[in-house]
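Single-structure report; data block below.
Predicted model only: the values in this text are computed from it and were never measured.
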Amino acid sequence: MSTIKELYAYRQMIFSLVKKDLRGRYKGSVLGFLWTFINPLFQLIVYTIVFTHILPNNAIEKYYLYLFVALIPWIFFSSAITTGAASVLAQKDLVKKIYFPRMVIPISYVTSCFVNMLLSFIVVFAVIIVTGTGFNFLALLTLPVIMIVEYIFALGMSLLTSAVTVYFRDLEHILGIVAMGWMYLTPIVYQVPPKYEKYFNLNPMTHIINCYRTVLYRKQVPDLSTLLLAAGLGVFFLIIGTLVFNKLQKHFAEEL
């Protein structure tokens with residue numbers, strides 16, 4: 001409870017760090033903030049070309065949309081756990097100079113990635129509107145629940161890994177490999193054959209991605225009970241991550 005009170009007291013700092021990160025992502029580039037929309041669009045184009053022309057998968061109707069509604073949430077999750085893991089290291093000068101609850105750093109990084117995902121969804125909605133696919137507005141009401149579950153899961157993992165990375169620097173690079181492998185173990189660019197579904201359902205990101213697809217691709221209200229695994233793991237990692245972070249942060253300044 002004391003941790004929550006302290007974080008609330010420093011909420012303005014979290015807001016400032018999120019704002020700084022979003023502004024600094026493409027600082028100095030010609031297109032600036034437009035890269036927020038260009039990057040996912042470019043990935044969509046590349047994957048669509050590969051999987052509809054080079055490695056065609058004719059079983060998936062409107063593959064571009066099937067891919068896009070899953071790719072944007074995955075980019076958020078992947079970015080959150082990889083950049084979040086290195087977040088304390090990236091702010092080592094700040095950690096050494098002033099006192100503040102160090103947990104502010106990974107929270108701001110994950111929140112920044114989350115805001116970036118919300119902005120990228122503008123492109124998703126634009127694609128849905130332009131292609132005439134349409135929406136199920138009742139199903140759209142469940143999107144915030146899905147997003148919150150994913151955010152908690154990503155934040156819990158980021159808290160844990162950001163603390164450990166201060167002492168074990170190789171973890172930052174290991175997570176990059178893990179994120180790449182995890183992507184291909186999650187049905188983002190393909191459909192899972194029915195005989196393998198029980199194995200893929202052990203992956204919490206499978207349920208999160210499927211819920212996004214149910215809402216935006218299939219235009220149906222998802223069974224939110226399928227998110228229980230992801231939500232449970234998210235709360236578990238959030239608790240463990242908080243405990244580990246609070247224990248290890250006492251010596252951050254010395255290690256940095």
State, to 0.1 Å, how close Thr83 and Ser79 come at their nearest heavy-atom pair, and which atoms those are.
OG1-O, 2.5 Å
Rounded to the nearest 0.5 Å, what separates atom CG in Asn210 from atom CG in Asp223?
11.5 Å
Flag side-chain contact, heavy atom, 4.5 Å: Leu94 against Met13:
yes
Looking only at heavy atoms, what is the nearest atom pair of Leu89 and Val166, with distance?
CD2-CA, 4.2 Å
Identify the residue among Thr242, Leu155, Ile14 that makes a side-chain contact (heavy atoms from CB on, under 4.5 Å) with Met103.
Thr242
Atom of Val124, atom of Leu216 and distance for their closest heavy-atom approach
CG1-CD1, 4.3 Å
Are Val244 and Ile174 linked, directly or through other ILVMFWY residues, by side chains that come within less than 4.5 angstrom of each other?
yes
Looking at Tyr190, is its backbone amide N or carbonyl O close enough to the side chain of Tyr63 to form a donor-acceptor pair, meaning the two atoms are under 3.5 Å apart?
no
Looking only at the side chains, is there a donor atom on one of Tyr109 and Ser162 sitting less than 3.5 Å from an acceptor on the other?
no
Within the 4.5 Å heavy-atom criterion, are Met205 and Met183 side-chain neighbours or not?
no
Is it true that Tyr66 and Tyr217 have ring centroids separated by less than 6.0 Å?
yes
In terms of heavy-atom contacts, Phe245 and Pro106 come closest through CE1-CG, 3.8 Å
Just verifying a value: how many Å separate Leu202 CG and Leu229 CG, rounded to the nearest 0.5 Å?
8.0 Å
Would you name the heavy atoms of Asn201 and His207 that are closest together and state the gap between them?
O-NE2, 2.7 Å
More than 12 heavy atoms of other residues, nucleotides or ligands under 6.0 Å from CZ of Phe15: yes or no?
no
Give the intermediate values and the outcome of side-chain contact (heavy atoms from CB on, under 4.5 Å) for residues Leu118 and Met147.
CA-CA 9 Å; Leu118 295 180; Met147 290 176 174; 3.6 Å; yes
Contacts of type side-chain hydrogen bond (donor to acceptor under 3.5 Å, both in side chains), residue Thr226, not counting sequence neighbours:
none
Examine distances only and state if a side-chain atom of Arg102 and a backbone atom of Leu248 form a donor-acceptor pair shorter than 3.5 Å.
no
Does one hydrophobic cluster hold both Ile129 and Val215, with members joined at side-chain heavy-atom distances below 4.5 Å?
yes
Heavy-atom distance under 4.5 Å between the side chains of Ile209 and Pro73, does that happen here?
yes
Sub-4.5 Å side-chain heavy-atom contact between Thr161 and Ile81
no
Can a donor-acceptor pair be found, under 3.5 Å and without considering hydrogens, that links the side chain of Lys219 to the backbone of Thr133?
yes
Would you mind reporting whether Gln249 and Asn246 have side-chain heavy atoms less than 4.5 Å apart?
yes
Side chain to side chain, Leu159 and Ile240, heavy atoms closer than 4.5 Å:
no
Quick one: are Val127 and Tyr64 in side-chain contact, heavy atoms under 4.5 Å?
yes
Other residues, nucleotides and ligands only: do more than 12 of their heavy atoms fall within 6.0 Å of OH on Tyr8?
no
Would you give the length of the straight line joining atom OG of Ser158 to atom CZ of Phe153, rounded to the nearest 0.5 angstrom?
12.0 Å
Run Phe100 and Glu6 through side-chain contact (heavy atoms from CB on, under 4.5 Å) and show every step you take.
CA-CA 9 Å; Phe100 61 94; Glu6 192 174 29; over 6 Å; no
If hydrophobic clusters are built from ILVMFWY residues whose side chains come within less than 4.5 Å, do Met157 and Val235 share one?
no
At what distance, to the nearest 0.5 angstrom, does CZ of Phe68 lie from OH of Tyr212?
13.5 Å
After noting the C-alpha distance and the side-chain angles of Thr186 and Asn203, does the key distance pass the side-chain hydrogen bond (donor to acceptor under 3.5 Å, both in side chains) rule?
CA-CA 7 Å; Thr186 306; Asn203 175 4; 2.9 Å; yes
Worked verdict on Leu224 versus Val149 for side-chain contact (heavy atoms from CB on, under 4.5 Å):
CA-CA 10 Å; Leu224 294 179; Val149 169; over 6 Å; no
Find the distance between CG (Leu67) and CD1 (Ile72) and round it off to the nearest 0.5 Å.
9.0 Å
Is there a path of hydrophobic side-chain contacts, each under 4.5 Å between heavy atoms of I, L, V, M, F, W or Y residues, that connects Tyr196 with Ile188?
yes
Are more than 12 heavy atoms, taken from residues, nucleotides or ligands other than Phe135, located less than 6.0 Å from that residue's CZ atom?
yes
Does Ser78 use its side chain to pair, donor to acceptor, with the backbone of Ile75 at less than 3.5 Å?
no
Return the CD1 to CD1 distance between Ile146 and Ile208, rounded to the nearest 0.5 Å.
9.0 Å
Apply side-chain contact (heavy atoms from CB on, under 4.5 Å) to the pair Asp21 and Ser108, showing each step before the final yes or no.
CA-CA 8 Å; Asp21 182 61; Ser108 66; over 6 Å; no
Are Ile148 and Phe236 connected, step by step, through hydrophobic side chains (Ile, Leu, Val, Met, Phe, Trp, Tyr) whose heavy atoms are closer than 4.5 Å?
yes
Can you give me the closest heavy-atom contact between Arg213 and Pro187, atom names plus distance?
NH1-O, 2.6 Å
